[in-house]
A.B. asks: 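What follows is a single structure, and I will ask about it in a moment.
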Amino acid sequence: MTGTNTEPGTAGSHRDAEDPAGRDQRARDLRRALVDQLRTHQMIVSPAVEAAFLTVERERFLPAGTDLEVAYGVDNSVVTKRDEHGTAISSVSAAYIQARMLEQADLRPGTRVWEIGSGGVNAALIAEIVGEHGRVVSMDIDAEVTDRATALLHANGYGDRVRVLAADAEHGVPGEDVFDAIIVTVGAWDISPAWLRQLAPDGVLVLPLIMNGVTRTAGFRRDGDRLVSTSLEVAGFVAMQGAGRHQERVFTLTDPHGKHLNLAFDTAAPQDPGRLDGVLATEPVAVWSAVTFPHGTSWADLYLWFAWFLPGFCRVTADQDGVVGQGGQWFPFGAVHDRGFAYLVIRPDAHTAGVEFGARGYGQDAELAAAGLVEQVRAWNRDGRDTSPVFSYWPTGSAAVPPPADGAVMAKTHGLLTISWPSTR
């Protein structure tokens with residue numbers, strides 16, 4: 001295995017190790033500053049989550065040598081284990097998404113919580129919020145990860161407040177009844193029936209849900225036969241392992257310089273990828289949308305729109321110095337149309353002091369691929385840009401799913417997921 005040291009330890013620089021009192025004071029100062037930032041950006045909105053973040057010493061749950069500034073960065077995630085290929089398979093999530101998910105879960109004193117994906121620090125935060133009358137179970141499929149979490153929780157005073165299990169969460173928690181909240185901290189392609197069986201009738205499920213390769217952390221509550229999202233957050237997580245894992249299909253294209261371009265398809269991959277052979281050796285075609293966006297604002301929901309509505313949608317990675325990117329700033333989302341491939345690009349827009357969206361295409365059907373992508377940029381700008389989507393999940397065996405008039409349906413293994421942009425589409 002490669003990666004960072006996964007042994008329990010206290011983070012900090014060499015200077016910290018020489019001056020424990022100074023290190024502790026600096027950690028307290030950084031903890032307060034982190035909470036202030038999270039409150040300013042409304043990632044923390046409740047006194048209970050604020051108190052938990054001020055109490056739990058994050059640095060004590062990170063690999064030895066992790067600097068305090070990293071431990072208390074708003075959006076720093078820290079890898080704690082990698083597989084033999086160097087891919088992260090366990091990490092401590094960034095503070096902002098931990099705070100946001102705890103708020104999404106609506107935790108209270110006495111709440112019974114099941115955490116899927118162990119690291120230690122999040123379970124400690126949950127234990128602080130639910131108190132001595134609450135119940136916290138933390139589960140991970142990897143025994144090395146749970147052993148580390150167990151050691152850290154015991155070392156920091158939470159050993160008797162959190163039950164840690166090494167098992168595949170896809171099959172539920174043995175020996176436990178229902179939970180008021182289930183918090184999933186790994187990327188989930190679907191919602192396991194076991195999670196729904198152990199979710200209280202009025203419980204909350206918070207999970208990073210993967211939808212055609214794009215992830216959103218959603219808070220769900222029951223509404224009759226279905227689950228309905230009540231909150232959304234942008235975040236990325238390591239992929240789930242075990243029975244709930246979903247494998248993408250990846251096709252590799254090679255440009256005339258020997259550089260590689262990888263197209264990852266979550267679903268609906270091309271039946272004959274050979275039709276894309278040689279596309280990167282063709283002259284590129286650019287199509288522009290006339291859709292502009294000011295600097296400093298997020299267009300993350302455009303990617304979600306692509307995942308649901310763009311035919312041939314794929315995520316794109318490219319070798320440095322390849323043909324991709326030579327035509328300006330680009331983003332890792334694209335589409336395949338028969339013998340053509342296109343990806344999202346932007347260019348400066350002098351009239352708005354912002355950027356304009358467009359597509360750069362290659363291959364015999366480059367213009368069709370680029371035009372299809374741009375068409376969805378315009379559709380999102382017209383129907384989805386100014387609203388937030390709502391998801392519903394219908395488990396297999398529930399009542400018939402009504403086709404949403406303002407959205408779409410996505411098939412999952414254990415049910416159907418719908419998305420809608422209310423009063424827009």
Side-chain angles (χ1 to χ4, degrees), residues 1 3-4 6 8 52 56 58 61-63 76-83 87-105 107 111-127 129-130 135-153 158 161-174 176 179-192 194-196 198-199 203-210 215-220 233-246:
M1 181 188 72
T4 55
T6 60
V56 175
R58 295 180 67 82
F61 292 87
L62 299 180
N76 293 335
S77 61
V78 179
V79 175
T80 54
K81 184 175 180 179
R82 298 182 184 272
D83 65 15
T87 301
I89 56 175
S90 184
S91 66
V92 174
S93 299
Y96 90 88
I97 192 59
Q98 287 181 325
R100 186 71 177 108
M101 291 177 76
L102 293 175
E103 296 285 11
Q104 287 178 291
L107 304 182
T111 299
R112 299 159 295 178
V113 185
W114 175 17
E115 179 196 33
I116 298 173
S118 293
V121 64
N122 199 56
L125 291 165
I126 295 169
I129 297 170
V130 304
R135 176 72 171 160
V136 185
V137 176
S138 184
M139 178 182 285
D140 198 286
I141 197 171
D142 189 329
E144 184 177 349
V145 171
T146 54
D147 287 348
R148 179 180 183 277
T150 298
L152 289 169
L153 289 164
Y158 297 95
R161 300 170 64 180
V162 179
R163 179 190 179 195
V164 182
L165 295 174
D168 189 340
E170 185 77 4
H171 308 303
V173 188
E176 298 283 345
F179 295 91
D180 304 302
I182 299 175
I183 302 175
V184 183
T185 62
V186 289
W189 193 83
D190 198 4
I191 296 175
S192 167
W195 304 349
L196 298 183
Q198 290 194 269
L199 182 66
V204 180
L205 171 65
V206 180
L207 79 165
L209 190 58
I210 301 170
T215 302
R216 289 293 179 271
T217 297
F220 284 98
E233 188 59 56
V234 178
F237 284 79
V238 298
M240 181 168 289
Q241 304 176 59
R245 182 175 183 176
H246 178 77

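What you see below is based on every heavy atom in this structure, not just the backbone, and it leaves out hydrogens, waters and symmetry mates. From a predicted model like this one, the values you see are computed outputs, not experimental measurements.
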A.B. asks: Going from CZ on Arg216 to CD on Glu233, what distance comes out if it is rounded to the nearest 0.5 angstrom?
C.D. replies: 9.0 Å
A.B. asks: Between the side chain of Thr185 and the main-chain N/O of Ile116, is any donor-acceptor distance below 3.5 Å?
C.D. replies: yes
A.B. asks: Could you tell me the separation between the CE atom of Met240 and the CG atom of Leu207, rounded to the nearest 0.5 Å?
C.D. replies: 8.0 Å
A.B. asks: Is the shortest heavy-atom distance from the side chain of Val184 to the side chain of Pro208 under 4.5 Å?
C.D. replies: yes
A.B. asks: How many angstroms lie between CD in Glu170 and CG in Asp190, if you round to the nearest 0.5 Å?
C.D. replies: 7.5 Å
A.B. asks: Using 0.5 Å steps for rounding, measure from the CG atom of Asn122 to the CG atom of Leu102.
C.D. replies: 5.0 Å
A.B. asks: Is it the case that the side chain of Trp195 and the backbone of Ala169 share a donor-acceptor pair, with hydrogens and angles ignored and the cut-off at 3.5 Å?
C.D. replies: yes
A.B. asks: Counting distance only, does the side-chain N/O of Ser192 pair as donor-acceptor with the main-chain N or O of Ala194 below 3.5 Å?
C.D. replies: yes
A.B. asks: Is Arg245 atom CZ crowded by more than 12 heavy atoms from other residues, nucleotides or ligands, each under 6.0 Å away?
C.D. replies: no
A.B. asks: Rounded to the nearest 0.5 Å, what separation is found between the CD atom of Gln198 and the CZ atom of Arg112?
C.D. replies: 11.0 Å
A.B. asks: Working note: Val92 + Gln98, criterion side-chain contact (heavy atoms from CB on, under 4.5 Å); need CA distance, chi angles, decisive distance, verdict.
C.D. replies: CA-CA 9 Å; Val92 174; Gln98 287 181 325; 4.1 Å; yes
A.B. asks: For Val113 and Ile183, what are the C-alpha separation, side-chain angles and deciding distance, and is it a side-chain contact (heavy atoms from CB on, under 4.5 Å)?
C.D. replies: CA-CA 7 Å; Val113 185; Ile183 302 175; 4.1 Å; yes
A.B. asks: With side-chain contact (heavy atoms from CB on, under 4.5 Å) as the criterion, how do Ile210 and His246 come out once you've worked through the C-alpha distance, each side chain's angles and the decisive distance to 0.1 Å?
C.D. replies: CA-CA 10 Å; Ile210 301 170; His246 178 77; over 6 Å; no
A.B. asks: Where do Pro174 and Met139 come nearest, in terms of heavy atoms and distance?
C.D. replies: CD-CE, 4.3 Å
A.B. asks: Mark yes or no for whether Arg135, through its side chain, and Trp114, through its backbone, hold a donor-acceptor pair below 3.5 Å.
C.D. replies: no
A.B. asks: Between Val136 and Tyr158, does a side-chain contact (heavy atoms from CB on, under 4.5 Å) hold up when you go through it step by step?
C.D. replies: CA-CA 10 Å; Val136 185; Tyr158 297 95; over 6 Å; no
A.B. asks: Is the shortest heavy-atom distance from the side chain of Thr217 to the side chain of Arg100 under 4.5 Å?
C.D. replies: no
A.B. asks: Working to the nearest 0.5 angstrom, can you tell me the gap between Thr111 OG1 and Ile129 CD1?
C.D. replies: 9.0 Å
